[in-house]
Asks: 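Okay, here's the structure, questions in a sec.
Given the structure is predicted, the values throughout are model-derived calculations rather than measurements. Residue indices begin at 1 and follow the sequence shown.
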Amino acid sequence: MDTFTQSDAGLGLFPQLPIGQLPPPTATPYRITLGYESAAVGPSPFFSGLINGKGRHEDVPYAATRLSVFTVEEGHRYRFRLVGVQGSYAYRFSIDGHKMTVVSTDGFWIKPQENVDYIIIHTGERYDFILEANAQFGNYWIRAETLEIMHQGSGPPYKSLGHVAEGILQYKRQNQEAPVIKSTEYESIKMDSPQRECTYADRCKAVNCPFKNFHGAYFIDCINVDQFQMLLPTPPEELPDSNPCTEEGCRHFINFNFEGHSRRASANGRGFLLPPAPPMTQNESFHEQAFECDDHNPLPENCPTRVLITWSFNAVHPIHLHGHTFHVAKIGYPEYDPATGFIKKDSNGVPVHNSDITCDDKIRCSLPGSECDPLKCTKPRWTNPTHPPITTVHDRTVRKDTVMVPAGGYVAINFKSDNPGQWFLHCHIEDRQLQGMALIVNEAPEEQKKFMIPDEMNKCGDFTLTMEEYEHLRNVESAFLRVVDPPTASSWPWKVTREDITTGSGATSFHTGGLLERPGLVASDCGCDWRSASEVEVDTLTGDFTILRSDLVMDVGDSLNPVIDIGQVEGAFTQGLGLFTMEQCVYLEGNGRTQRGQLYTTGPGTYKIPAVSDIPVQLNVTLLDGTSNPQAIFSSKVAPQFQHSFTSEPPLFLAASVLSAIRDAVRASRAERGIIAPFQLNTPATCHQNGL
């Protein structure tokens, strides 16, 4: 966000200088990179592109990184889902030596687009494609290249800047294991992979271009969103009218742009600020404290709504609407210079937007005594409102929930306002959204009033805690729990020595730590042991890691219910992952509004908890046999006071093997670089720590 603000808001970004250093007069600021139509596509410097979390920086050799490998069996057909989770850039995706058949966008089946060479995907979009594994047996390079070009060179065609995310498509034969591809092989695979060349005689086909078409010198033909058709017709009850105009509030123009001279990301010249209270559950508080645009009427219930998402002069915006999917009724493009393919400019060198839409600010702000900024464009409208462009919506019109608005153009979307609520409409590029390129759509407010909000539901402002109350709670907690020393060797009949620990590929862990004693309860020796071994893969560039495998062994005696016990072990292990590798406590310095030492990371909204993608690729859980305890309930190893927590608390420490594996991996990486000095890796072993 900081780099975006500096580079796009006129402050100047100097990535070659240390952070915080004032640039000398001779320093050259970063210049925003441009795309094939001269639209701004690189507001901040490209660092690296990842496919399924793996990739490389251009300064890192292939042998020192890891790429995602997708294995296919020769002669089979595969369906892939391409998901745009990048933060900023659009990517042009391709697989060397293969054509793709695009069959779906944003979850809706479309009539297949066959023989596709490139899929252009922006933040938040999804595309499904079919791949026929019918190429010559071997390995093929996967490329997702940004749309940045060297626009100051001779052309067209202009050369690409070469910023790319990379992966590998690997072929395997039936009933044979696919060989492991080593990182030392990456470069040779890339060199041998047959990259697609577009020529006059053999033109290429691209889907979802953010402009009308490539310049003819590239020999690439675009099939854009407004040319798609639904494979299955939209049901009549879900189909909005083509040109809603009979009811007030059913047609809206929204200009996603960079407002006026300040260049702040905005919608209709206004930057969005997060409201102080949620508008759905605390509507009165929201209206008391939030500023609402007086020219934005609420959407009436069951209104066939038309939203015109209008031009940004010099940038493409992927726009996403919550709470709805919509029909893409029309895409309007600017005029392009036939010599370069760039957006045409006026006599002052300013890009010329599509002439279907104009801005009332130009007239209003030119009046005598006016102090408004004509560049903000707070009131876009049809240039000829009595004869606007013809747009149609029929049962085969494509449906999406995220759409790219071309630079200098517009997109007309239609949907039915049949989902009462407060819905976020925003640019999906993260830094633009955070800076204010968003708004809230207030849909069917009269229906919202009928919603019953539970009285006991927590609300913003309900919770307050003074420092005195905080210290009191800390003292109470300290008195309630105290750690008891672990049992001695003589009182621990199931004690396992260090030599008994199983060695894993990455690290091992064995814990018989202390028990908790509570007032009125006696600390009990449960006579159990547990072990784990984990193998991890650490990205030494970013510090991120993947748990390739974890093997967990838990002693529960004769299990009362193995299904429940295994589930409890898995859950506790995942919780331990958060404890040992993710959940960093951050304390505030204090700034007048907050107290020094106040805990900032009080919930999942301020720190990362384990998600589905964080669990091991292979997770094996075993309950130890032959360890029954005849003195306990049904020979289990559960003391009465620990019946509900035995398999949900101790297994948490099994995740320490992941911490040990990360430490071993970092030590090995340092050794490869000749660094043998001791180092300290504290918990949690976050990406930031691992990468230092």
Asks: Given side-chain contact (heavy atoms from CB on, under 4.5 Å), test Leu579 with Thr683 step by step and report yes or no.
Replies: CA-CA 8 Å; Leu579 172 67; Thr683 58; over 6 Å; no
Asks: Is the shortest side-chain heavy-atom distance between Arg66 and Ser183 below 4.5 Å?
Replies: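 Arg66 vs Ser183: side chains touch.
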Asks: Please walk me through it: do Val41 and Val316 pass side-chain contact (heavy atoms from CB on, under 4.5 Å)?
Replies: CA-CA 7 Å; Val41 294; Val316 175; 5.6 Å; no
Asks: Excluding sequence neighbours, so at least two apart, what forms salt bridge (charged side-chain N to carboxylate O under 4.0 Å, His left out) with Glu166?
Replies: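 For Glu166, the residues satisfying salt bridge (charged side-chain N to carboxylate O under 4.0 Å, His left out) (neighbours in sequence not counted) are Arg56, Lys190.
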Asks: For the CD1 atom of Ile121 and the CG atom of Leu82, what is their distance to the nearest 0.5 Å?
Replies: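 Nearest 0.5 Å value for the CD1-CG distance: 4.0 Å.
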Asks: To the nearest 0.5 Å, what is the distance between CD on Glu537 and OG1 on Thr546?
Replies: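 The CD atom of Glu537 sits 5.5 Å away from the OG1 atom of Thr546.
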Asks: For residues Phe256 and Ala267, report the shortest heavy-atom separation together with the two atoms involved.
Replies: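 Looks like CE2-CB, 4.1 Å.
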Asks: Considering all heavy atoms of both residues, which atom of Phe451 and which atom of Pro420 are nearest to each other, and what is their separation?
Replies: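 Looking at all heavy atoms of both residues, the shortest contact is CZ-CB, 3.8 Å.
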Asks: Are Thr402 and Asp106 packed together at the side-chain level, in the sense that at least one heavy-atom pair is separated by less than 4.5 angstrom?
Replies: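 With C-beta onward as the side chain, the pair touches.
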Asks: Any chance the rings of His320 and His426 have centres within less than 6.0 Å?
Replies: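 Yes, they do, as the ring centres are separated by less than 6.0 Å.
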Asks: So, Ser68 side chain and Gly167 main chain: donor-acceptor pair closer than 3.5 Å or not?
Replies: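 No, Ser68 side chain to Gly167 backbone: no donor-acceptor pair under 3.5 Å.
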Asks: Contact between Asn620 and Arg549 at the side-chain level, heavy atoms closer than 4.5 Å - yes or no?
Replies: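 Yes, close enough: below the 4.5 Å cut-off.
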Asks: Could you tell me if the side chain of Lys449 sits less than 4.5 Å from the side chain of Pro445, heavy atoms only?
Replies: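 SC-SC contact between Pro445 and Lys449 ruled out.
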Asks: Is a side-chain donor or acceptor of Asn419 paired with a backbone partner of Gly323 at a separation under 3.5 angstrom?
Replies: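 Present.
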Asks: Closest heavy-atom contact between Gln435 and Ala265?
Replies: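 Looking at all heavy atoms of both residues, the shortest contact is OE1-N, 2.9 Å.
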Asks: I would like to know whether Val536 and Leu548 meet side-chain contact (heavy atoms from CB on, under 4.5 Å); could you show each step before the answer?
Replies: CA-CA 5 Å; Val536 303; Leu548 301 178; over 6 Å; no
Asks: Would a 4.5 Å heavy-atom cut-off, applied to side chains only, mark Phe424 and Val441 as touching?
Replies: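 When only atoms from C-beta onward are counted, Val441 and Phe424 do not touch, as no gap falls below 4.5 Å.
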Asks: Please check if the side chain of Ser657 supplies one atom and the backbone of Leu654 the other of a donor-acceptor pair under 3.5 Å.
Replies: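 Flag set: sc Ser657 to bb Leu654 pair under 3.5 Å.
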Asks: Under a 4.5 Å cut-off applied to non-hydrogen side-chain atoms, are Ile547 and Val617 in contact?
Replies: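 Not touching, per the 4.5 Å side-chain cut-off.
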Asks: Output the distance between atom CD1 (Ile429) and atom NE2 (His122), rounded to the nearest 0.5 Å.
Replies: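 Taking CD1 in Ile429 and NE2 in His122, the distance rounds to 4.0 Å.
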Asks: Test Asp614 against Lys608 for salt bridge (charged side-chain N to carboxylate O under 4.0 Å, His left out), laying out the working first.
Replies: CA-CA 11 Å; Asp614 297 313; Lys608 184 181 186 302; 2.7 Å; yes
Asks: Dump the intermediate steps for side-chain hydrogen bond (donor to acceptor under 3.5 Å, both in side chains) on Gln680 and Asn682, then the final yes or no.
Replies: CA-CA 6 Å; Gln680 184 170 329; Asn682 296 323; 2.7 Å; yes
Asks: Rounded to the nearest 0.5 Å, how far apart are CG of Leu577 and CD1 of Ile609?
Replies: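 Result: 12.0 Å between the selected atoms.
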Asks: My understanding is that only residues two or more places apart in sequence, or in another chain, count here; which of them pass ring-ring contact (aromatic ring centres under 6.0 Å, His included) with Tyr89?
Replies: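 Once residues adjacent in sequence are excluded, the partners of Tyr89 under the ring-ring contact (aromatic ring centres under 6.0 Å, His included) criterion are Phe46.
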Asks: How close do Gly55 and Leu50 get, counting heavy atoms only, and between which atoms?
Replies: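 Looks like N-CD2, 3.6 Å.
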Asks: Applying side-chain contact (heavy atoms from CB on, under 4.5 Å), run through Met437 and Phe272 and close with a yes or a no.
Replies: CA-CA 6 Å; Met437 194 172 284; Phe272 177 80; over 6 Å; no
Asks: Hey, are Glu443 and His324 close enough side-chain-wise for a donor-acceptor pair under 3.5 Å?
Replies: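 Judged by distance alone, the side chains do pair up.
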Asks: Looking at Arg432 and Ala438, would you say the former's side chain and the latter's main chain have a donor-acceptor pair under 3.5 Å?
Replies: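 No; zero donor-acceptor contacts below 3.5 Å.
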Asks: Using modelled atom types and a 3.5 Å cut-off, is there a donor and acceptor pairing between side-chain atoms of Ser48 and backbone atoms of His57?
Replies: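 Looks like no, no N/O pair under 3.5 Å.
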Asks: Which atoms form the tightest heavy-atom contact between Glu570 and Leu619, and what is the distance?
Replies: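 Closest heavy-atom pair between Glu570 and Leu619: CG-CD2, 4.1 Å.
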Asks: To the nearest 0.5 Å, what is the distance between CZ on Phe580 and OG1 on Thr686?
Replies: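 Interatomic distance, Phe580 CZ to Thr686 OG1, rounded to 0.5 Å: 14.5 Å.
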Asks: Please give me the minimum heavy-atom distance between Ser534 and Val658, naming the atom from each residue.
Replies: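 Smallest heavy-atom distance, with atoms named: OG-CG2, 3.6 Å.
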Asks: Between the main-chain N or O of His428 and the side-chain N or O of Gln433, is there a donor-acceptor pair closer than 3.5 Å?
Replies: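 No: the side chain of Gln433 does not pair with the backbone of His428.
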Asks: Under 6.0 Å between the ring centres of His317 and Phe258?
Replies: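 Ring centres of Phe258 and His317 closer than 6.0 Å.
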Asks: Determine whether Gln618 and Glu535 make a side-chain contact, defined as any pair of heavy atoms from C-beta on separated by less than 4.5 Å.
Replies: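 A side-chain contact is absent here, since even the closest heavy-atom pair is not under 4.5 Å.
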Asks: Would you check if Phe679 and Ile675 make a side-chain contact, meaning some heavy-atom pair closer than 4.5 Å?
Replies: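 No; the side chains remain at least 4.5 Å from each other.
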Asks: What distance separates Ser266 OG from Asn268 CG, expressed to the nearest 0.5 Å?
Replies: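 Taking OG in Ser266 and CG in Asn268, the distance rounds to 8.0 Å.
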